[in-house]
Amino acid sequence: MTNPRQGIERKMFHDMKKLFSFLAVVALMIGGARAEEMKPFTLQQAQAAAIQHHPRISEAELIALAAKQVVREAQSAYFPVATANATAVDSTASNTRIAAGGLNNPLILTREADGVNVSQLITDFGRSINLTASSKLQARAQEQNALATRAEILLAVNTAYFEALQAQSILTVAKQTVSTRQLTYDQVSELASNKLKSGLDVSFAKVDLASSKLLLANAGNDLQASFATLSNVLGERVQQNYLLVDQPVTTNTVPADSELVQTALRNRPDIIQLRLQKDAAGRFARAEKDLQYPTVSAIGSAGVVPLHDESLRANYAAAGVNVSVPIFDGMLFSAREREAELRERASEEVLRDAEDNVIRDVRIAGLNLNYAAQRLTLTEELLESANESFELAQARYKVGSSSIVELSQAQLNQTEAEIAQARAKYEYQTRTSILNFQLGQNP
């Protein structure tokens, strides 16, 4: 004689098999449609898009280009300055003079004249050389700033990409959890309707199903939020949905702290920038000190006077050397020199503080990466144990040797282990990106 309970379970098995077949076809159709709408979007493509579109990268590159023009401004002192002049004067009376407004009272003569004035710096005893060197160092510092900004944006891209992958993975877990608990609820409800399970079992299954739907809603919201963050770091004003490509996970041994610190201090573009700025401040301080020395220049002037008073000649030409010696400036030059020296010392302290922070951040990043690697291994073991526990609890419940509470707890443990494993995987990849950033090794 056939056991009624076995007959019901056999019927339910065939019904659920048909349901899963139908759901698989629907999933393939939906997946195919989405694949046509969205192309795979790799991490490398995300990085390239951010480099091309993010405004902070463009800003830093433009500032670096502007700093190179400052070098040209400083170098202009090495070249002669030529100006062309055209003068036409009509005086009210011949041979009149300016009688007020200055110690120098030149004649005002009716005339029209055209000429060229040329001046050339001979030496300012190193001031122009130091100003040019300072501006070159500042330009190189701005180039390093552009690299540092690029590294920061790429770290933000990596972090946002892995967070989106994590949210995407958790959403998959949530969907699987809803499917599993829906199946359990349907089975328990059918058994309860045939008086083979109690209403308490149905209540527990219903609570578990509602909890899984809440998890699914939260996972969907987190995924959209992560897409919003990713769109922002890519320089997109309109939020995009992406078909992200999973990245392979390779665990590597983290070198010793001393090796990491030396690598970071040698390669970090922001540290190199501060060193260059310190050197630039030193050269600028030397240039300000050179203000106390004389400036020697050569000057020349030549021209023609087509329309002139009879007391003037039809052309003119003159050349000479001018030496300018500062005698008293109201303590201006000494104050500028002292200001530059103090700013140089301040830049040294800024560099020292930044290096101390880098040493701390590198050590923390190394510790976090080691912990992330351990967590990745432990969560894999946890997931394997949770899967075995769920399979055992499910089998025991089917034969009636355990309660719905044991099955519910096993399902919960399995879901939590899957989520923990997904988080550990992408946290490890994020921590790897952070350590590479701290070492100055970002792409």
Side-chain angles (χ1 to χ4, degrees), residues 16 19-38 40-41 46 159-190 192 199-234 236-246 375 379 382-383 386-387 389-390 393-394 404-427 429-430:
M16 295 311 301
L19 176 60
F20 279 131
S21 299
F22 173 74
L23 291 176
V25 173
V26 173
L28 288 174
M29 294 174 60
I30 294 175
R34 289 182 177 177
E36 293 178 359
E37 294 174 2
M38 294 188 296
F41 191 59
T159 301
Y161 194 92
F162 291 133
E163 286 180 354
L165 277 174
Q166 174 181 301
Q168 188 173 274
S169 180
I170 292 176
L171 180 63
T172 302
V173 172
K175 289 179 179 178
Q176 293 174 348
T177 302
V178 170
S179 177
T180 300
R181 294 187 179 181
Q182 182 68 58
L183 175 61
T184 301
Y185 174 74
D186 293 340
Q187 289 177 339
V188 172
S189 297
E190 183 68 22
L200 181 61
D201 288 13
V202 176
S203 298
F204 267 99
K206 188 174 183 180
V207 170
D208 290 342
L209 178 60
S211 176
S212 65
K213 290 180 178 179
L214 181 61
L215 174 65
L216 177 61
N218 183 63
N221 181 75
D222 289 346
L223 180 61
Q224 291 302 312
S226 64
F227 281 160
T229 302
L230 182 58
S231 298
N232 176 259
V233 297
L234 296 182
E236 300 284 351
R237 291 194 172 186
V238 179
Q239 179 179 331
Q240 303 290 333
N241 291 332
Y242 304 96
L243 185 60
L244 304 181
V245 179
D246 214 346
R375 187 164 177 248
T379 53
L382 175 64
L383 179 58
N387 288 335
S389 175
F390 173 69
Q394 193 175 40
I404 188 67
V405 176
E406 180 180 327
L407 177 61
S408 176
Q409 186 62 46
Q411 287 179 332
L412 178 61
N413 291 340
Q414 183 188 45
T415 300
E416 291 179 347
E418 289 175 340
I419 293 175
Q421 200 273 334
R423 286 177 174 165
K425 174 183 177 181
Y426 298 111
E427 181 183 358
Q429 292 178 304
T430 300

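Minimum heavy-atom separation, Phe390 to Ala410: CA-CB, 3.8 Å. Contact detail for Ala417 and Leu383: the closest heavy-atom pair is CB-CA, 3.8 Å. In terms of heavy atoms, Thr379 sits closest to Ala420 at CG2-O, 3.8 Å. Contact record, Gln239 with Ser231: CA-OG, 3.6 Å, taken as the closest heavy-atom pair.
For residues 206-234, the pairs satisfying ring-ring contact (aromatic ring centres under 6.0 Å, His included) are Phe227-Tyr242, with sequence neighbours left out. Listed by first and then second residue, the salt bridge (charged side-chain N to carboxylate O under 4.0 Å, His left out) pairs involving residues 408-426 are Asp246-Lys425 (not counting sequence neighbours).
Residues satisfying the side-chain contact (heavy atoms from CB on, under 4.5 Å) criterion with Thr430, sequence neighbours excluded, are Thr159, Phe162, Ile434. Applying the salt bridge (charged side-chain N to carboxylate O under 4.0 Å, His left out) criterion to Glu406, with sequence neighbours excluded, gives Arg396. With sequence neighbours excluded, the residues satisfying side-chain contact (heavy atoms from CB on, under 4.5 Å) with Ser169 are Ala422, Tyr426.
Using a 4.5 Å heavy-atom cutoff, the side chains of Leu165 and Val245 are not in contact. With contacts defined as side-chain heavy-atom distances shorter than 4.5 Å, the pair Thr229/Tyr161 does not qualify. Counting only heavy atoms from C-beta outward, the side chains of Ile419 and Leu215 approach each other to under 4.5 Å.
Put simply, CG on Leu230 and CD on Glu236 are 9.5 Å apart, with the number rounded to the nearest 0.5 Å. Rounded to the nearest 0.5 angstrom, Gln168 CD and Ile170 CD1 are separated by 11.0 Å.
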request  = Could you go through the side-chain contact (heavy atoms from CB on, under 4.5 Å) check for Val202 and Ile404 one step at a time?
outcome  = CA-CA 9 Å; Val202 176; Ile404 188 67; over 6 Å; no

task = Give the C-alpha distance, both sets of side-chain angles, the deciding distance and a yes or no for side chain to side chain donor-acceptor pair (under 3.5 Å) between Asp186 and Gln182.
result = CA-CA 6 Å; Asp186 293 340; Gln182 182 68 58; 3.1 Å; yes

Steps toward side-chain contact (heavy atoms from CB on, under 4.5 Å) verdict (Asn241, Gln224) = CA-CA 8 Å; Asn241 291 332; Gln224 291 302 312; 3.4 Å; yes

request  = Would you check, one step at a time, whether the test side-chain contact (heavy atoms from CB on, under 4.5 Å) holds for Leu216 with Thr177?
outcome  = CA-CA 8 Å; Leu216 177 61; Thr177 302; over 6 Å; no

message = Determine whether Thr415 and Val173 satisfy the following criterion, side-chain contact (heavy atoms from CB on, under 4.5 Å), listing intermediate values before the conclusion.
response = CA-CA 7 Å; Thr415 300; Val173 172; 4.3 Å; yes

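Between the side chains of Gln411 and Gln394, no donor-acceptor pair is found at a separation under 3.5 Å. Side-chain polar atoms of Gln409 and Asn413 form a donor-acceptor pair below 3.5 angstrom.
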Only pairs under 3.5 Å count here: list side-chain donor-acceptor contacts from residues 203-211, not counting sequence neighbours, and write none if there are none.
| residue | atom | partner | partner atom | Å |
| --- | --- | --- | --- | --- |
| Ser203 | OG | Gly199 | O | 3.1 |
| Asp208 | OD1 | Ser408 | OG | 2.9 |
| Asp208 | OD2 | Ser408 | OG | 2.6 |

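Under a 3.5 Å cut-off, the side chain of Ser226 and the backbone N or O of Leu223 do form a donor-acceptor pair.
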